[in-house]
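Just so you know, ligand 1 is whichever comes first in the structure, and atom 1 is the first atom listed for that ligand. As a basis for the values below, the full set of heavy atoms in this structure was taken, side chains included, without hydrogen atoms, waters or symmetry mates. Given the structure is predicted, the values throughout are model-derived calculations rather than measurements. Residue numbers start at 1 and run along the sequence shown.
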Amino acid sequence: MTRDLVLHEDAGSGNCYKIRLTAAHLGITLDRKSYDIMAGETRTPEFLTRINAIGKIPVLQIGDRFLAESNAACHWLAAGSTLIPFDRFGHADMLHWMFWEQYSHEPNIATMRYYKLYVGEENMSAEQRALVPGKIAGGEAALTLMDEHLGRHPFLAADRFSLADICLYGYTHVAGQGGFDLARWPHIGAWLERVAAIPGHISMDA
Ligand SMILES: N[C@@H](CCC(=O)N[C@@H](CS)C(=O)NCC(=O)O)C(=O)O
(Lines give C-alpha, C1' and ligand atoms only; values in the text may rest on other atoms or scores of the structure.)
Protein backbone atom coordinates (compact mmCIF):
# COMPACT_ATOMS: atom_id res chain seq x y z
CA MET A 1 0.00 0.00 0.00
CA THR A 2 1.03 3.61 -0.50
CA ARG A 3 3.65 4.89 1.95
CA ASP A 4 4.83 8.43 2.11
CA LEU A 5 1.64 9.57 3.84
CA VAL A 6 1.83 12.31 6.45
CA LEU A 7 -1.15 13.43 8.51
CA HIS A 8 -0.83 17.08 9.52
CA GLU A 9 -2.95 17.14 12.64
CA ASP A 10 -3.91 17.96 16.19
CA ALA A 11 -4.28 14.63 17.99
CA GLY A 12 -7.28 15.84 20.01
CA SER A 13 -9.32 16.81 16.96
CA GLY A 14 -12.13 14.49 15.91
CA ASN A 15 -11.58 15.47 12.29
CA CYS A 16 -7.97 14.22 12.52
CA TYR A 17 -8.99 11.08 14.44
CA LYS A 18 -11.38 10.06 11.61
CA ILE A 19 -8.41 9.82 9.28
CA ARG A 20 -6.31 7.80 11.72
CA LEU A 21 -9.29 5.50 12.33
CA THR A 22 -9.83 4.96 8.61
CA ALA A 23 -6.13 4.19 8.14
CA ALA A 24 -6.18 1.77 11.08
CA HIS A 25 -9.09 -0.18 9.59
CA LEU A 26 -7.19 -0.43 6.32
CA GLY A 27 -3.82 -1.34 7.86
CA ILE A 28 -2.24 1.84 6.47
CA THR A 29 0.58 3.53 8.37
CA LEU A 30 0.52 7.32 8.59
CA ASP A 31 3.36 9.53 9.70
CA ARG A 32 2.04 12.30 11.94
CA LYS A 33 3.01 15.95 12.22
CA SER A 34 1.44 17.81 15.10
CA TYR A 35 0.30 21.46 15.21
CA ASP A 36 -0.82 23.63 18.11
CA ILE A 37 -3.95 25.24 16.67
CA MET A 38 -4.36 27.55 19.68
CA ALA A 39 -0.88 28.97 19.04
CA GLY A 40 -1.76 29.70 15.40
CA GLU A 41 0.61 27.11 13.97
CA THR A 42 -1.79 26.44 11.07
CA ARG A 43 -1.95 30.14 10.22
CA THR A 44 1.70 30.77 9.40
CA PRO A 45 2.54 32.04 5.91
CA GLU A 46 4.35 28.78 5.20
CA PHE A 47 1.35 26.64 6.21
CA LEU A 48 -1.09 28.81 4.25
CA THR A 49 0.93 28.79 1.05
CA ARG A 50 2.24 25.22 1.12
CA ILE A 51 -0.24 23.07 3.07
CA ASN A 52 -3.75 24.50 3.28
CA ALA A 53 -4.85 27.97 2.20
CA ILE A 54 -7.69 28.01 4.75
CA GLY A 55 -5.30 27.45 7.65
CA LYS A 56 -6.85 24.29 9.06
CA ILE A 57 -5.87 20.76 9.84
CA PRO A 58 -6.30 17.88 9.13
CA VAL A 59 -4.38 17.76 5.90
CA LEU A 60 -3.27 14.45 4.43
CA GLN A 61 0.02 14.80 2.60
CA ILE A 62 0.31 12.28 -0.20
CA GLY A 63 3.86 12.50 -1.48
CA ASP A 64 4.21 16.17 -2.42
CA ARG A 65 0.47 16.82 -2.66
CA PHE A 66 -1.82 18.05 0.14
CA LEU A 67 -5.43 16.97 0.61
CA ALA A 68 -7.51 19.02 3.05
CA GLU A 69 -10.96 18.21 4.49
CA SER A 70 -11.18 15.19 6.77
CA ASN A 71 -13.86 13.34 4.90
CA ALA A 72 -12.07 13.77 1.56
CA ALA A 73 -8.92 12.32 3.11
CA CYS A 74 -10.89 9.36 4.52
CA HIS A 75 -12.40 8.80 1.07
CA TRP A 76 -8.97 8.90 -0.60
CA LEU A 77 -7.60 6.32 1.84
CA ALA A 78 -10.59 4.00 1.52
CA ALA A 79 -11.03 4.12 -2.26
CA GLY A 80 -11.55 0.59 -3.58
CA SER A 81 -11.83 -0.95 -0.10
CA THR A 82 -14.76 -2.59 1.67
CA LEU A 83 -15.24 0.58 3.74
CA ILE A 84 -17.09 1.99 0.71
CA PRO A 85 -20.28 0.25 -0.42
CA PHE A 86 -19.84 -1.16 -3.91
CA ASP A 87 -23.36 -0.44 -5.14
CA ARG A 88 -24.06 3.02 -6.51
CA PHE A 89 -26.86 3.93 -4.12
CA GLY A 90 -24.98 2.63 -1.08
CA HIS A 91 -21.91 4.68 -2.02
CA ALA A 92 -23.99 7.85 -2.49
CA ASP A 93 -25.89 7.21 0.74
CA MET A 94 -22.57 6.92 2.58
CA LEU A 95 -21.55 10.28 1.08
CA HIS A 96 -24.88 11.76 2.12
CA TRP A 97 -24.07 11.00 5.79
CA MET A 98 -20.54 12.38 5.40
CA PHE A 99 -21.81 15.63 3.87
CA TRP A 100 -24.51 15.84 6.54
CA GLU A 101 -21.84 15.39 9.21
CA GLN A 102 -19.98 18.44 7.91
CA TYR A 103 -23.04 20.65 7.61
CA SER A 104 -25.37 19.64 10.44
CA HIS A 105 -23.36 17.68 13.03
CA GLU A 106 -19.72 18.80 13.25
CA PRO A 107 -20.36 22.58 13.21
CA ASN A 108 -22.55 22.14 16.30
CA ILE A 109 -21.08 19.27 18.28
CA ALA A 110 -17.39 19.81 17.49
CA THR A 111 -17.72 23.55 18.05
CA MET A 112 -19.30 23.10 21.48
CA ARG A 113 -16.48 20.71 22.36
CA TYR A 114 -13.95 23.24 21.07
CA TYR A 115 -15.46 25.98 23.24
CA LYS A 116 -15.36 23.81 26.35
CA LEU A 117 -12.08 21.92 25.88
CA TYR A 118 -9.88 24.29 23.93
CA VAL A 119 -11.13 27.84 24.52
CA GLY A 120 -12.49 27.35 28.03
CA GLU A 121 -15.89 28.72 28.99
CA GLU A 122 -14.35 31.60 30.94
CA ASN A 123 -12.36 32.74 27.88
CA MET A 124 -15.19 32.67 25.33
CA SER A 125 -15.82 35.85 23.37
CA ALA A 126 -19.21 37.56 23.27
CA GLU A 127 -19.63 36.34 19.67
CA GLN A 128 -18.95 32.74 20.71
CA ARG A 129 -21.35 32.99 23.66
CA ALA A 130 -24.08 34.29 21.36
CA LEU A 131 -23.69 31.22 19.15
CA VAL A 132 -24.07 28.67 21.97
CA PRO A 133 -27.90 28.29 22.05
CA GLY A 134 -28.01 27.59 18.31
CA LYS A 135 -25.10 25.14 18.57
CA ILE A 136 -26.83 23.23 21.38
CA ALA A 137 -30.14 23.10 19.49
CA GLY A 138 -28.40 22.06 16.27
CA GLY A 139 -26.35 19.38 18.03
CA GLU A 140 -29.40 17.95 19.79
CA ALA A 141 -31.32 17.87 16.49
CA ALA A 142 -28.43 16.05 14.79
CA LEU A 143 -28.15 13.47 17.56
CA THR A 144 -31.92 12.92 17.52
CA LEU A 145 -31.90 12.32 13.78
CA MET A 146 -29.01 9.84 14.10
CA ASP A 147 -30.69 8.09 17.01
CA GLU A 148 -33.94 7.59 15.09
CA HIS A 149 -32.05 6.20 12.10
CA LEU A 150 -29.90 3.91 14.25
CA GLY A 151 -33.01 2.56 15.96
CA ARG A 152 -33.94 1.10 12.59
CA HIS A 153 -30.53 0.31 11.08
CA PRO A 154 -27.35 -1.23 12.55
CA PHE A 155 -25.09 1.23 10.71
CA LEU A 156 -25.60 4.55 8.97
CA ALA A 157 -25.44 3.58 5.29
CA ALA A 158 -26.27 0.41 3.37
CA ASP A 159 -26.90 -1.46 6.65
CA ARG A 160 -23.21 -2.19 7.02
CA PHE A 161 -20.11 -0.60 8.50
CA SER A 162 -18.70 2.06 6.16
CA LEU A 163 -16.79 5.33 6.10
CA ALA A 164 -20.00 7.06 7.14
CA ASP A 165 -19.78 5.33 10.53
CA ILE A 166 -16.11 6.26 10.93
CA CYS A 167 -16.72 9.91 10.04
CA LEU A 168 -19.71 10.21 12.39
CA TYR A 169 -17.98 8.30 15.18
CA GLY A 170 -15.21 10.93 15.26
CA TYR A 171 -17.15 13.61 17.10
CA THR A 172 -20.21 11.66 18.28
CA HIS A 173 -18.25 9.51 20.72
CA VAL A 174 -16.88 12.64 22.43
CA ALA A 175 -20.10 14.67 22.25
CA GLY A 176 -20.24 14.53 26.04
CA GLN A 177 -17.18 16.78 26.13
CA GLY A 178 -19.28 19.36 24.31
CA GLY A 179 -22.04 19.13 26.93
CA PHE A 180 -24.33 16.68 25.09
CA ASP A 181 -25.54 13.90 27.40
CA LEU A 182 -25.40 10.80 25.18
CA ALA A 183 -27.60 8.85 27.62
CA ARG A 184 -30.52 10.69 25.99
CA TRP A 185 -29.87 8.87 22.70
CA PRO A 186 -29.65 5.12 23.49
CA HIS A 187 -29.52 3.89 19.88
CA ILE A 188 -26.42 6.04 19.39
CA GLY A 189 -24.89 4.44 22.48
CA ALA A 190 -25.47 0.95 21.08
CA TRP A 191 -24.05 1.99 17.69
CA LEU A 192 -20.94 3.48 19.32
CA GLU A 193 -20.35 0.11 20.97
CA ARG A 194 -20.86 -1.75 17.67
CA VAL A 195 -18.41 0.52 15.86
CA ALA A 196 -15.77 0.28 18.63
CA ALA A 197 -16.03 -3.54 18.57
CA ILE A 198 -15.11 -3.83 14.89
CA PRO A 199 -11.61 -5.30 14.41
CA GLY A 200 -9.14 -2.59 13.48
CA HIS A 201 -10.71 0.03 15.71
CA ILE A 202 -8.33 2.36 17.57
CA SER A 203 -9.16 4.91 20.22
CA MET A 204 -8.66 8.64 19.79
CA ASP A 205 -5.58 8.63 22.01
CA ALA A 206 -3.87 5.72 20.22
N1 LIG B 1 -14.17 20.81 7.42
C2 LIG B 1 -12.83 20.66 7.93
C3 LIG B 1 -12.74 21.29 9.30
C4 LIG B 1 -11.30 21.50 9.73
C5 LIG B 1 -11.22 22.24 11.05
O6 LIG B 1 -12.18 22.85 11.54
N7 LIG B 1 -10.04 22.16 11.66
C8 LIG B 1 -9.79 22.79 12.93
C9 LIG B 1 -9.39 21.71 13.95
S10 LIG B 1 -10.59 20.43 14.05
C11 LIG B 1 -8.61 23.76 12.79
O12 LIG B 1 -7.67 23.47 12.09
N13 LIG B 1 -8.66 24.90 13.49
C14 LIG B 1 -7.55 25.81 13.54
C15 LIG B 1 -7.87 27.14 12.91
O16 LIG B 1 -8.97 27.30 12.35
O17 LIG B 1 -7.01 28.00 13.02
C18 LIG B 1 -12.47 19.16 7.97
O19 LIG B 1 -13.36 18.33 8.08
O20 LIG B 1 -11.29 18.84 7.88
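Atom 7 (N) of ligand 1 has Ile57 O, 2.7 Å as its closest protein atom, hydrogens excluded (heavy atom only). Here the heavy atom of the protein found nearest to atom 2 (C) of ligand 1 is Glu69 OE1, 3.1 Å. Protein heavy atom nearest atom 16 (O) of ligand 1, with residue, atom name and distance: Arg43 NH2, 2.6 Å. Annotation: atom 20 (O) of ligand 1 to nearest protein heavy atom, Ser70 N, 2.9 Å.
Inspection of the His105 and Tyr171 side chains reveals no N or O donor paired with an N or O acceptor under 3.5 Å. A side-chain N or O of Asp205 and one of Ser203 form a donor-acceptor pair less than 3.5 Å apart.
Only the side chain of Asn15 comes within contact range of ligand 1, with a heavy atom under 4.0 Å; no backbone atom does. Contact annotation for Tyr171 and ligand 1: only side-chain heavy atoms (C-beta onward) come within less than 4.0 Å of the ligand.
Using a 30° and 60° split on the angle between ring planes, His201 and Tyr17 fall in the perpendicular class, above 60°.
Interface atoms of ligand 1 facing Ser13, defined by a heavy-atom separation under 4.0 Å, are 10 (S). Of all atoms in ligand 1, numbered sequentially from 1 with element shown, those under 4.0 Å from a heavy atom of Pro58 are 20 (O).
Of the polar atoms of Gln102, at least one N or O is found under 3.5 Å from an N or O of ligand 1, judged by distance alone. Between Lys56 and ligand 1, an N or O atom pair is found at a separation short of 3.5 Å.
With contacts defined as side-chain heavy-atom distances shorter than 4.5 Å, the pair Leu77/Leu83 does not qualify.
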*Test ring-ring contact (aromatic ring centres under 6.0 Å, His included) on His153 and His187 and set out the steps.*
CA-CA 10 Å; His153 301 275; His187 299 302; over 10 Å; no
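At least one donor-acceptor pair closer than 3.5 Å links the side chain of Asn71 to the backbone N or O of Met98.
Between Glu101 and Lys18 there is a salt bridge, since a side-chain N of the basic residue sits under 4.0 Å from a carboxylate O of the acidic one.
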